[in-house]
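Taking it in order: structure first as structure tokens, then the write-up.
These numbers come from a predicted model, not from an experiment. For ligands, and for the atoms within them, numbers begin at 1 and follow the listed sequence.
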Amino acid sequence: MEEEMTKKANIFANLYQLSFEVKEKVIKELIDNDIDVSETFHPDADFNIVIGGDGTFIKAVHDSEFSSIPFIGINTGHLGFYNDVKYYEVEEAIKKLKENDFILNHLKVIDCEIITDDKTYTYNSINEIVLKAKYTSIMNFDLYVDHVKLQTFAGDGILFSTPSGSTAYNLSAGGALLCQNLNAFQITPLAAIRSSLHRSLDKSLVVPKETLIRLVPKSRGDVPFSIGVDGIHKEHDNIREINIKLSDKIINKIVFNPDWFWINIKEKFI
Ligand code: NAD
């Protein structure tokens, strides 16, 4: 008979007292279920267990460099969109991990390429990439969808969100809520100017995976803008163009109920 390999779990947790207590409980349950524990990222692990809030989940995804090891989030924070396992349900959740009694949901990821005069920078995001004018200035850029120059945009900025990120910043900016399973991403303007001078589209667009978005700033250098990658601030000078598309990477999220997305929406947004 073939011997079953011992499973291993990486643990990510924030530093709050409740997370510390839940982490102790998680470690005990993992050991009791013969699952090895690693408190540093191990590339051969079977699970990434995140204890904290959505910020901890997002950080774990970035710190693990968008690891393909399945993630499970245990909520000790407030909203818990990604971290949807309640901290008092740990025992049951770990039993299900041991028995492989779960399904994987594939969360989409955005690829962002920033081409400056000197260098090209690449970023991935699980929620959104936001480009915003700094200070109180207006951001002007040409927006290309595939090979078509769709518009010259003027306004506060623009946001590109994944379906799982559609409930975050995108929702506050007036974007639509996208169903998780769509292989698509959303482009949402921030305070688009519509006048006889500026004809910026003030509605969000939902585009399929294959779509390539190119953004060319109208004035380079003198009206700087900031870039947010899942809430992490980036700054680059002399940007020539920015390319956005849906990535071939995905984040595997462990779910126990195929309807988790709608349950989450009902519990947390309605
Ligand atoms: P944070 O601590 O400032 O939390 C922001 C809030 O967003 C938290 O309540 C978190 O639970 C929630 N959140 C994060 N991802 C979510 C998702 N996919 N669906 C629903 N809610 C979600 O910062 P953080 O925890 O590091 O999160 C960074 C995120 O904050 C960014 O990716 C951005 O989406 C969001 N944000 C929102 C606004 C806004 O709504 N005006 C502004 C800035 C940042």
Mark whether [atom] lies under 4.0 angstrom from at least one protein heavy atom.
atom: atom 8 (C) of ligand 1; result: no
atom: atom 34 (O) of ligand 1; result: yes
atom: atom 18 (N) of ligand 1; result: yes
atom: atom 3 (O) of ligand 1; result: no
atom: atom 21 (N) of ligand 1; result: yes

For ligand 1, which atoms sit closer than 4.0 Å to a heavy atom of [X]?
X: Gly231; value: 31 (C), 32 (O)
X: Thr167; value: 17 (C), 18 (N), 19 (N), 20 (C), 21 (N)
X: Asp230; value: 28 (C), 31 (C), 32 (O)
X: Tyr82; value: 18 (N)

Among all protein heavy atoms, pick out the one at the shortest distance from [atom]; state its residue, atom name and that distance to 0.1 Å.
atom: atom 13 (N) of ligand 1; result: Asp54 OD2, 3.7 Å
atom: atom 31 (C) of ligand 1; result: Glu128 OE2, 3.3 Å
atom: atom 27 (O) of ligand 1; result: Ile58 CD1, 3.9 Å
atom: atom 29 (C) of ligand 1; result: Asn127 ND2, 4.1 Å
atom: atom 40 (O) of ligand 1; result: Ser172 OG, 2.5 Å

Item to check | Asp36 side chain to Thr6 side chain, donor-acceptor N/O pair below 3.5 angstrom | outcome: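 Checked: Asp36/Thr6 side chains show no N/O donor-acceptor pair below 3.5 Å.
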For this session: Would you check if there is a donor-acceptor pair between the side chains of Tyr82 and Ser164 at a distance under 3.5 Å?
Result: yes
Can you tell me which portion of [X] lies within the under-4.0 Å heavy-atom range of ligand 1? Options are side chain, backbone, both, or neither.
X: Tyr169; answer: both
X: Ser164; answer: backbone
X: Lys59; answer: neither

Whether [Y] and [X] form a salt bridge (side-chain N of Lys/Arg under 4.0 Å from carboxylate O of Asp/Glu) is what I want to check.
X: Asp34; Y: Lys98; value: yes
X: Glu113; Y: Lys245; value: no
X: Asp248; Y: Lys209; value: yes
X: Lys132; Y: Asp156; value: no

request  = Evaluate the ring planes of Phe256 and Phe102, with Trp represented by its six-membered ring, and classify them as parallel (under 30°), tilted (30 to 60°) or perpendicular (over 60°).
outcome  = perpendicular
How are the rings of His62 and Phe66 set to each other: parallel, tilted or perpendicular (split at 30° and 60°)? perpendicular
Quick check on [X]: does its [atom1] atom have over 12 non-hydrogen neighbours (other residues, nucleotides or ligands) under 6.0 Å away?
X: Lys268; atom1: NZ; answer: yes
X: His147; atom1: NE2; answer: no
X: Glu65; atom1: CD; answer: no

- Item | Intermediate values then yes/no, salt bridge (charged side-chain N to carboxylate O under 4.0 Å, His left out), Lys95 and Glu29 | CA-CA 8 Å; Lys95 206 157 276 146; Glu29 290 300 326; 5.7 Å; no
Checklist entry - Under 3.5 Å between some N or O of ligand 1 and some N or O of Leu79? => result no
(message) Given Gly55, Ala173, Ser125, Ala168, identify the one with the heavy atom nearest to atom 16 (C) of ligand 1.
(response)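 Checking each option, the heavy atom nearest atom 16 (C) of ligand 1 is found in Ala168.
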Taking only non-hydrogen atoms of Phe269, do any sit less than 4.0 angstrom from ligand 1?
yes
